[in-house]
Number of protein chains: 2
Amino acid sequence: MSHEAQKAIARQSLLLRSLPDQHVETLLSHAIWRQYDRGETIFLQEEKAQAVHVVLEGWVKLFRMTPTGAEAVVSVFTRGDSFGEALALRNVPYPVSAEAVSACDVMHIPSPILISLMKEDPEIGISILAATFTHLHSLVAQLEQLKAQTGAQRVAEFLLNLCDDETGGCDVSLPYDKMLIAGRLGMKPESLSRAFSRLKAVGVKVNRNHAEISDIALLREYAESDPAENWSR
Amino acid sequence: MSHEAQKAIARQSLLLRSLPDQHVETLLSHAIWRQYDRGETIFLQEEKAQAVHVVLEGWVKLFRMTPTGAEAVVSVFTRGDSFGEALALRNVPYPVSAEAVSACDVMHIPSPILISLMKEDPEIGISILAATFTHLHSLVAQLEQLKAQTGAQRVAEFLLNLCDDETGGCDVSLPYDKMLIAGRLGMKPESLSRAFSRLKAVGVKVNRNHAEISDIALLREYAESDPAENWSR
DNA sequence: CCCACAACATGACAATTGTCAAGTTGAGAA
DNA sequence: TTCTCAACTTGACAATTGTCATGTTGTGGG
C-alpha cells in the first residue's frame with residue numbers, strides 16, 4: 001500500500017478525523033511507520049506509553065495475562081482504529097499488552113509531539129477524550145454482554161456486528177481466527193464451535209472463515225432473547 | 001454531615017484533587033448538592049449528560065438494562081468517587097443508568113461550568129482524562145476477572161480489595177447488599193451464596209454483612225490459582 | 001407487638017461451560 | 001508432492017452456574 005493511501009486511512013481515525021488539517025499534517029509528519037509480523041509484540045503490559053498507535057492494515061489485539069498465564073482479550077483493532085490515546089498524555093504504564101494477530105502496518109505518534117501540540121491547542125484534548133470515551137463505551141458494552149448473555153448469544157451479536165444493518169440474509173467473512181474470536185468473546189475454542197452448531201437452528205451456516213446468515217432479524221431476536229426462555233433447544 | 005466536611009470529601013476526588021485551589025473553589029461554588037433515597041434514580045441511560053457527579057456519602061451503582069430487562073452492574077461508587085467526567089465535555093447520552101443503592105449525598109458540577117473553565121486552563125482537560133483513564137482501567141480489570149476467573153475467585157478478589165494489604169487475618173464489613181455484590185461480580189445471588197460456602201475451605205467465614213478472613217495470603221493464592229487446578233474440592 | 005416482605009440460604013435439577021482426548025483438515029515447509 | 005503442525009471439530013465427562021421451589025430470618029410499618 002502506498003504511503004499516501006496509508007495517510008488517508010490514518011486521517012479517518014477517531015483520533016485525527018476531527019482535528020484541523022494543519023495539526024493532522026504536523027502529527028503525520030512526525031509519525032513513525034512500522035510493519036509487524038503475525039504474532040509480533042507491539043508493546044507489553046507495564047511498559048511506559050510513549051506513543052499513540054493507529055492501525056493502518058491488519059489486526060491487533062489488546063490483552064491481559066493473568067498470574068497463571070491465562071490470557072483475556074480486551075479488544076481487537078483493525079484499519080483506521082487508534083488506541084493508547086489516554087496513556088500518551090500521562091507517563092503511566094500500559095494496562096494491557098498489544099500483539100499483531102496478522103501481518104500489520106501500524107503508525108505511531110510519539111507522545112511528546114502530541115503533548116506539545118496540545119499545549120498550543122486544547123482542542124486536541126477533546127479529540128483524545130472523544131477517542132477514550134469510545135473505548136470506554138465499548139468496554140461497557142462488552143461487560144454487559146459477558147454478564148447478561150450466554151456464549152451463543154455473544155457469538156450471534158458478533159456476527160450481527162459484521163453485517164451491515166440490513167434485514168434479510170447476509171454473507172460475512174470471519175475477520176480473524178476462531179481462537180481469537182473465542183478469546184474476544186470470553187470462551188474456549190471448543191465452546192465457540194458448539195455455539196456455532198447451536199446457531200444452525202437460527203439460520204447460520206459456518207464453513208471455514210465464511211458465515212452465511214439466512215435471516216438477520218431472526219438472529220437478532222435470538223441474540224436479544226432471555227436466555228431462560230430458550231428452554232426449547 | 002456539615003457542608004464543609006462534604007467539600008473536603010469532594011476535594012479529594014480524582015477529578016478535583018490535582019486541580020489548582022482557585023479552580024476547585026470555582027467548581028464547588030457552582031455545584032449542586034442533592035440527597036437521594038435508596039433506590040432513587042440519579043440519571044437514566046440515553047439521557048444527555050449535563051453534569052459531572054461526585055459521591056459524598058452512600059453508594060451509587062451504574063448499570064445497563066438489556067432489552068429483556070436483565071441488569072448488568074458496571075460499577076459501584078462511594079464517598080469521594082466521581083463519574084461521568086468524559087461525557088460532560090461532549091453533548092452525548094449516558095451509556096449507563098445511575099441509581100442510589102443507599103441513602104446518598106451527591107454533588108453535581110454542571111457541564112457548562114466545567115467547559116468554560118477548561119477553555120481558560122487546559123490543565124483541567126488532563127484531570128478529566130486522568131479520571132476517565134482510571135475508569136477505563138477498572139473496566140479492563142473487571143473484564144479480565146470475568147473472562148479468566150470463576151465466580152468464587154471473583155468473590156475472593158472482592159474480599160481482598162476490602163482488606164488493607166496486610167498479611168495475616170482480617171475482618172471486613174460487606175459494603176452493600178449481597179444482591180448488589182452478586183450483580184457487580186456478574187453472578188446470581190444464589191451463586192454468590194455458594195461461592196461464600198466454598199470460600200470456607202480457604203478460611204473465610206461470612207455472617208450477615210460481616211466477613212472474617214483467617215489468612216489473607218491463602219485467600220490471595222486461591223484467587224489467583226488456575227481454576228483447572230482446584231479439582232480437589 | 002405483630003405482620004408482611006425482602007434478603008438470604010439451600011436443595012434439586014437442567015443448561016452451560018470447561019477439560020481432556022480423540023479425530024480431521026488445510027496451509028505452509030521441506 | 002509429501003510431511004508436519006496448528007487450527008478446528010466432536011464426544012464424553014466433570015464442574016460451574018442458572019432456575020425454580022422452599023424455608024428462614026431480620027427489619028420496618030402498621
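Remember, it's a predicted structure, so these values are computed and weren't measured experimentally. Letters A, B, ... are given to chains in the order of the sequence lines, protein chains preceding strands, and every chain is numbered from 1.
Between A:L192 atom CG and C:dT19 atom P there is a gap of 15 Å when expressed in whole angstrom units. The interatomic distance linking A:D177 (CG) with C:dT25 (P) rounds to 20 Å, in whole Å. Rounded to whole Å, the distance from CZ on A:F196 to P on D:dT10 is 12 Å. Following rounding to the nearest Å, B:Y176 (OH) and C:dC8 (C1') show an atom-to-atom distance of 17 Å. Between the NZ atom of B:K188 and the P atom of C:dA15 there is a distance of 17 Å, rounded to whole Å. If you measure from atom CE of B:M187 to atom P of C:dT17, you get 16 Å, rounded to the nearest angstrom. Following rounding to the nearest Å, A:Q149 (CD) and D:dG18 (C1') show an atom-to-atom distance of 16 Å. As rounded to whole Å, 12 Å separates atom P of D:dG18 from atom NZ of A:K147.
Between A:H135 and A:F77, a ring centre-to-centre spacing shorter than 6.0 Å is recorded. Ring to ring, A:H53 and A:F43 are close: their centroids are under 6.0 angstrom apart. For B:W33 and B:H3, the distance between ring centers is under 6.0 angstrom.
A:R154 has no side-chain polar atom (N or O) that falls below the 4.0 Å cut-off from OP1 or OP2 of C:dT16. Contact annotation: B:S191 does not reach the phosphate of D:dT17 (side-chain N/O to OP1 or OP2, under 4.0 Å). The side chain of B:K178 places an N or O atom within less than 4.0 Å of a non-bridging phosphate oxygen (OP1 or OP2) of C:dA9.
Here the side chain of A:E190 is nearest to one of C:dT17, C:dA21, D:dG18, namely C:dA21. Listed candidates were C:dT17, C:dA7, D:dT17. Nearest to the side chain of A:T150 is C:dT17. Nearest to the side-chain atoms of B:M179 among the listed nucleotides D:dT9, C:dA7, D:dA7 stands C:dA7.
The residue A:R208 sits close only to the backbone: its heavy atoms come under 4.0 Å of sugar-phosphate atoms, none of a base.
Once rounded to the nearest 0.5 Å, the distance linking CD of A:E71 with CG of A:L180 reads 8.0 Å.
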Side chain to side chain donor-acceptor pair (under 3.5 Å) for B:K147 and A:Q142? Distances and angles first, verdict last. CA-CA 11 Å; B:K147 288 185 175 176; A:Q142 239 188 103; 3.0 Å; yes

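For D:dT19, its base sits under 3.5 Å from the side chain of B:R194 at one donor and acceptor pair at least.
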